[in-house]
Peer 1: 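Handing you this structure, nothing more for now.
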Amino acid sequence: MLGGAEHAQAAESPAPCPTTGHAIREFGPTSTGFHYGLDIANAIGTPIKAGLAGRVTYSGTSGALGKYIMVTHSDATKTVYGHLWKHSVALGTAVSGTTKIGEMGATGTTHGRAQLHLEVINEERINPRQKYKCPQ
């Protein structure tokens with residue numbers, strides 16, 4: 001029988017990235033402050049999936065994020081999907097990792113470039129690459 005200190009749980013592997021494209025801005029410090037997400041660029045209308053199962057706990061609009069969706073997962077982690085062109089799910093909808101939740105857009109502050117702003121909140125904001133395996 002293993003004691004508590006000897007019993008290590010296997011690290012959780014990252015989920016598939018919610019979209020396709022290429023990373024244009026990473027999580028971390030910038031010349032103008034701190035960027036709390038991962039920005040992935042592609043064409044307007046590129047499908048966005050939930051990546052992980054959960055429930056839609058916000059579906060609306062804000063200034064900088066434009067149209068965005070928040071999904072809360074069973075471990076209480078929240079994922080934010082910003083700059084959407086279109087929402088595909090309503091508030092309260094249960095989603096699987098493969099559920100299409102929206103389409104990539106250029107709403108909010110994007111300087112005209114279609115992208116997904118992917119943000120993960122686990123009590124505090126963490127690097128989305130800890131939860132999702134996204135392109136470089």
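Counting from 1, the numbers follow the sequence of the chain as shown.
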Peer 1: Could you tell me which residues satisfy salt bridge (Lys or Arg N to Asp or Glu O under 4.0 Å) with Arg125, sequence neighbours excluded, listed by chain and number?
Peer 2: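 With sequence neighbours excluded, Arg125 shows a salt bridge (Lys or Arg N to Asp or Glu O under 4.0 Å) to Glu119, given in chain and number order.
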Peer 1: Would you give the length of the straight line joining atom OG1 of Thr72 to atom CZ of Arg55, rounded to the nearest 0.5 angstrom?
Peer 2: 10.0 Å
Peer 1: Hydrophobic side-chain clustering at under 4.5 Å (ILVMFWY, transitive links): who's grouped with Leu84? Put none if nobody.
Peer 2: Ile48, Leu52, Val56, Ile69, Val71, Tyr81, Val89, Val95, Ile101, Met104, Leu116, Leu118, Val120, Ile126, Tyr132
Peer 1: Other hydrophobic cluster members with Leu38, side-chain heavy atoms of Ile/Leu/Val/Met/Phe/Trp/Tyr under 4.5 Å, chained?
Peer 2: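 Joined to Leu38, directly or through intermediates: Ile40.
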Peer 1: Could you list the cluster mates of Phe27? Members are the ILVMFWY residues connected by side-chain heavy atoms closer than 4.5 Å, either directly or through other members.
Peer 2: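 Besides Phe27, the cluster holds Phe34, Tyr36.
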Peer 1: Find the distance between OG1 (Thr19) and CD (Gln115) and round it off to the nearest 0.5 Å.
Peer 2: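 Result: 11.5 Å between the selected atoms.
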Peer 1: Relative to each other, are the rings of His117 and His83 parallel, tilted or perpendicular (30° and 60° limits)?
Peer 2: perpendicular
Peer 1: Can you tell me how far OG1 of Thr107 sits from NZ of Lys86, rounded to the nearest 0.5 angstrom?
Peer 2: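 If we round to the nearest 0.5 Å, Lys86:NZ and Thr107:OG1 are 13.5 Å apart.
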Peer 1: What is the minimum heavy-atom distance between Ala114 and Ala43, and which atoms define it?
Peer 2: CB-C, 3.9 Å
Peer 1: Would a 4.5 Å heavy-atom cut-off, applied to side chains only, mark His35 and Asp39 as touching?
Peer 2: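 Touching, per the 4.5 Å side-chain cut-off.
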Peer 1: If only side-chain N and O atoms count, and only distance matters, is there a donor-acceptor pair under 3.5 Å linking Ser59 with His87?
Peer 2: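 Short answer, yes.
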Peer 1: Can you tell me how far the OG1 atom of Thr77 sits from the CD atom of Glu123, to the nearest 0.5 Å?
Peer 2: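 Thr77 OG1 to Glu123 CD: 9.0 Å, rounded to 0.5 Å.
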Peer 1: Not counting sequence neighbours, list each pair that qualifies as a disulfide (SG to SG under 2.5 Å) and has a residue in residues 70-136.
Peer 2: Cys17-Cys134
Peer 1: Looking at Pro135 and Gly21, what are the two nearest heavy atoms and their distance?
Peer 2: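 Closest approach of Pro135 to Gly21: CG-O, 3.0 Å.
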Peer 1: So Thr79 and Met70, do their side chains get closer than 4.5 Å, heavy atoms only?
Peer 2: no
Peer 1: Does any non-hydrogen side-chain atom of Arg113 lie less than 4.5 Å from one of His111?
Peer 2: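 The answer is no, as the side chains (C-beta and beyond) never meet within the 4.5 Å cut-off.
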Peer 1: Side-chain contact test, heavy atoms from C-beta onward, threshold under 4.5 Å: evaluate it for Val80 versus Ile121 and give yes or no.
Peer 2: yes
Peer 1: Please indicate whether Lys133 has more than 12 foreign heavy atoms, meaning atoms of other residues, nucleotides or ligands, lying under 6.0 Å from its NZ.
Peer 2: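 Check fails, neighbour count at 12 or below.
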Peer 1: Would a distance-only check, ignoring hydrogens and angles, find a side-chain to backbone donor-acceptor pair under 3.5 Å from Thr99 to Ser96?
Peer 2: yes
Peer 1: Test question: given the 4.5 Å side-chain rule for I, L, V, M, F, W and Y, name all other residues clustered with Ile44, or answer none.
Peer 2: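 Result for Ile44 is Trp85.
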Peer 1: Which heavy atom in His73 sits nearest to a heavy atom in Ala53, and how many Å separate them?
Peer 2: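 That would be ND1-O, 2.7 Å.
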Peer 1: Is there a donor-acceptor pair closer than 3.5 Å between any side-chain N or O of Asn42 and the backbone N or O of Thr20?
Peer 2: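 A pair under 3.5 Å: yes.
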